[in-house]
Amino acid sequence: MTSTADTATDAGRPAPRSGLVAVTRAPIWLRYALLAVGLLVAFWLPNGLYPAVAVDILCWALFAVAVDLLLGFTGLMSFGHAAFWGASAYVTGLTAIHLGLPFPAAVLAGALAAALLAVPIGYLAVKRTGIYFAMVTLAFAQLVYYVANEWRSVTRGENGLQGVPRELFGLDLTDDYYFYYAILPIVLLGLAAAWRIVHSPFGRVLVGIRDNPARARALGYPVHRYKLTAFVLSGFIAGLGGGLFAVGHRFVSLDVLHWTTSGKAVIVVVLGGIGTLWGGVLGAGILVRLEDWLSFSGFEAIGLVTGGIFVLVVLVFRRGIWGSAAALATRWAASRRR
């Protein structure tokens with residue numbers, strides 16, 4: 001393992017074209033139409049699905065977008081994002097239980113705690129690249145899992161935190177249907193923040209670092225600092241999703257910190273499309289709904305099905321569902337102009 005930030009091979013390797021390019025170049029009316037369709041689906045979701053499943057889709061959508069912000073736009077594969085998702089869930093649960101704050105304040109406290117945790121982890125991790133970066137993040141995530149398991153006086157260990165309240169100024173949010181609409185604005189704000197990050201000058205620099213870190217460094221950009229900032233922002237957005245997940249389930253267990261949670265988030269991003277941003281939202285909807293359907297049908301080997309779908313997407317739809325659709329739309333538009 002070397003301590004150099006980037007190798008010559010990494011600097012010269014071309015990055016895959018992002019599905020975001022096709023959407024960005026689309027006519028303005030089409031972009032607004034896609035936005036309107038997305039909002040309509042978001043408002044309709046708890047009416048077409050079991051509300052608890054709809055809540056999970058929102059939470060995992062935020063988690064997937066956070067991972068894609070790091071993987072798709074910075075070129076960093078993290079297998080340890082469950083540390084931020086889970087740490088936020090625990091902080092949110094403890095804050096809501098012991099301080100009795102409204103759940104948005106508790107979720108914000110959890111997200112800030114996740115961002116704070118991301119600072120030392122990111123500072124050490126971004127000095128590595130490729131598989132070494134992934135292994136460092138996984139090691140830190142397992143460390144957080146061990147601490148949560150052993151600190152039973154706070155986390156309750158294997159018993160978890162039970163009875164996390166959904167307090168919001170006296171409103172009755174025990175019904176998942178109403179809770180869905182209570183958290184929807186928070187989720188939309190988180191997605192809007194991710195979109196703004198990607199489309200800002202900061203986001204363009206991240207893409208430049210992803211494509212050619214050596215050139216970015218030669219142009220005077222502090223590559224490590226940009227990567228660390230992206231890592232912390234990704235941890236904050238993942239923390240938003242983890243906090244909402246804790247309040248939505250009213251229970252926090254060690255599963256939220258397990259390495260399989262990080263792996264599931266990566267699968268969701270790959271399924272939707274790496275570097276597409278909105279592909280993570282689509283992938284979250286598909287995977288959460290599929291797992292719910294399989295569990296209710298009595299099928300126990302759910303991991304076998306989701307793993308098979310992951311392999312199929314990697315082999316057939318290498319850009320993911322959203323990325324492949326965007327690529328087809330680009331080719332169709334190009335053929336129309338001929």
Do you reckon [X] sits in the same ILVMFWY cluster as [Y], going by side-chain contacts under 4.5 Å, direct or chained?
{"X": "Leu233", "Y": "Leu189", "value": "no"}
{"X": "Leu94", "Y": "Val91", "value": "no"}
{"X": "Leu290", "Y": "Val311", "value": "yes"}
{"X": "Tyr90", "Y": "Tyr146", "value": "no"}
{"X": "Trp293", "Y": "Leu304", "value": "no"}

Check whether any side-chain heavy atom of [X] lies under 4.5 Å from a side-chain heavy atom of [Y], and answer yes or no.
{"X": "Leu287", "Y": "Trp60", "result": "no"}
{"X": "Arg128", "Y": "Thr137", "result": "no"}
{"X": "Asp292", "Y": "Phe296", "result": "yes"}
{"X": "Lys227", "Y": "Thr74", "result": "yes"}

Apply side chain to side chain contact (heavy atoms under 4.5 Å, CB included) to residues Ile321 and Thr276 and explain how you reach the verdict. CA-CA 10 Å; Ile321 297 175; Thr276 60; over 6 Å; no
Applying ring-ring contact (aromatic ring centres under 6.0 Å, His included), which residue pairs with at least one partner in residues 152-179 are found, sequence neighbours left out?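 Non-adjacent pairs meeting ring-ring contact (aromatic ring centres under 6.0 Å, His included): Phe103-Phe179, Tyr177-Tyr181.
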To which residues is [X] joined in a hydrophobic cluster, defined by side-chain heavy-atom contacts under 4.5 Å among Ile, Leu, Val, Met, Phe, Trp and Tyr, whether direct or through other members?
{"X": "Val37", "answer": "Val41"}
{"X": "Leu101", "answer": "Leu99"}
{"X": "Phe251", "answer": "none"}

Return the minimal non-hydrogen interatomic distance between [X] and [Y], and the atom names on each side.
{"X": "Ala89", "Y": "Val256", "result": "CB-CG2, 4.4 Å"}
{"X": "Pro51", "Y": "Pro46", "result": "CG-O, 4.0 Å"}
{"X": "Ile209", "Y": "Ala216", "result": "CG1-CB, 3.8 Å"}
{"X": "Leu257", "Y": "Ala87", "result": "CD2-N, 3.6 Å"}
{"X": "Val266", "Y": "Ser78", "result": "CG2-O, 3.8 Å"}
{"X": "Val268", "Y": "Ala64", "result": "CG1-CB, 3.5 Å"}

Under a 3.5 Å distance rule, please check whether [X] uses its side chain to pair with a backbone N or O of [Y] as donor and acceptor.
{"X": "Asp68", "Y": "Gly275", "answer": "yes"}
{"X": "Ser88", "Y": "Phe84", "answer": "no"}
{"X": "Ser234", "Y": "Leu69", "answer": "no"}
{"X": "Arg250", "Y": "Val164", "answer": "yes"}
{"X": "Thr261", "Y": "Asp255", "answer": "yes"}
{"X": "Ser262", "Y": "Ala82", "answer": "yes"}

Does [X] have more than 12 heavy atoms from other residues, nucleotides or ligands lying within 6.0 Å of its [atom1]?
{"X": "Glu158", "atom1": "CD", "value": "no"}
{"X": "Arg156", "atom1": "CZ", "value": "no"}
{"X": "Arg225", "atom1": "CZ", "value": "no"}

Can you classify the ring geometry of Phe133 versus Phe231 as parallel (below 30°), tilted (30 to 60°) or perpendicular (above 60°)?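 If you compare the ring of Phe133 with that of Phe231, the planes turn out perpendicular.
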Plane angle bin for Tyr145 and His258 - parallel if under 30°, tilted between 30 and 60°, otherwise perpendicular: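 Because their plane-to-plane angle is over 60°, the rings of His258 and Tyr145 count as perpendicular.
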Take Val55 and Tyr50, measure what side chain to side chain contact (heavy atoms under 4.5 Å, CB included) needs, and give me the verdict at the end. CA-CA 9 Å; Val55 169; Tyr50 188 57; over 6 Å; no
Name every donor-acceptor pair, under 3.5 Å, that has one atom in a side chain of residues 110-124 and the other anywhere in the protein, sequence neighbours excluded.
none

Who pairs with Phe202 by ring-ring contact (aromatic ring centres under 6.0 Å, His included), at least two apart in sequence or on another chain?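 For Phe202, the residues satisfying ring-ring contact (aromatic ring centres under 6.0 Å, His included) (neighbours in sequence not counted) are Tyr226.
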About how many Å separate [atom2] of [Y] and [atom1] of [X], when rounded to the nearest 0.5 Å?
{"X": "Met135", "Y": "Gln142", "atom1": "CE", "atom2": "CD", "value": "10.5 Å"}
{"X": "His98", "Y": "Leu161", "atom1": "NE2", "atom2": "CG", "value": "7.0 Å"}
{"X": "Leu39", "Y": "Leu34", "atom1": "CG", "atom2": "CG", "value": "11.0 Å"}
{"X": "Leu62", "Y": "Leu244", "atom1": "CG", "atom2": "CG", "value": "6.5 Å"}
{"X": "Leu277", "Y": "Leu282", "atom1": "CG", "atom2": "CG", "value": "12.5 Å"}
{"X": "Phe236", "Y": "Leu108", "atom1": "CZ", "atom2": "CG", "value": "5.5 Å"}

Quick one: do His199 and Trp195 satisfy ring pair (Phe, Tyr, Trp, His ring centres under 6.0 Å)? Show the steps, please. CA-CA 6 Å; His199 289 82; Trp195 182 90; 4.2 Å; yes
From CA spacing to verdict: side chain to side chain contact (heavy atoms under 4.5 Å, CB included), Asp56, His249: CA-CA 9 Å; Asp56 279 357; His249 284 252; 2.8 Å; yes
Looking at Arg152 and Glu150, is any side-chain nitrogen of the basic one under 4.0 Å from a carboxylate oxygen of the acidic one?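 Salt bridge: yes.
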Take Arg166 and Asp176, measure what side chain to side chain contact (heavy atoms under 4.5 Å, CB included) needs, and give me the verdict at the end. CA-CA 10 Å; Arg166 296 178 177 177; Asp176 289 326; 2.8 Å; yes
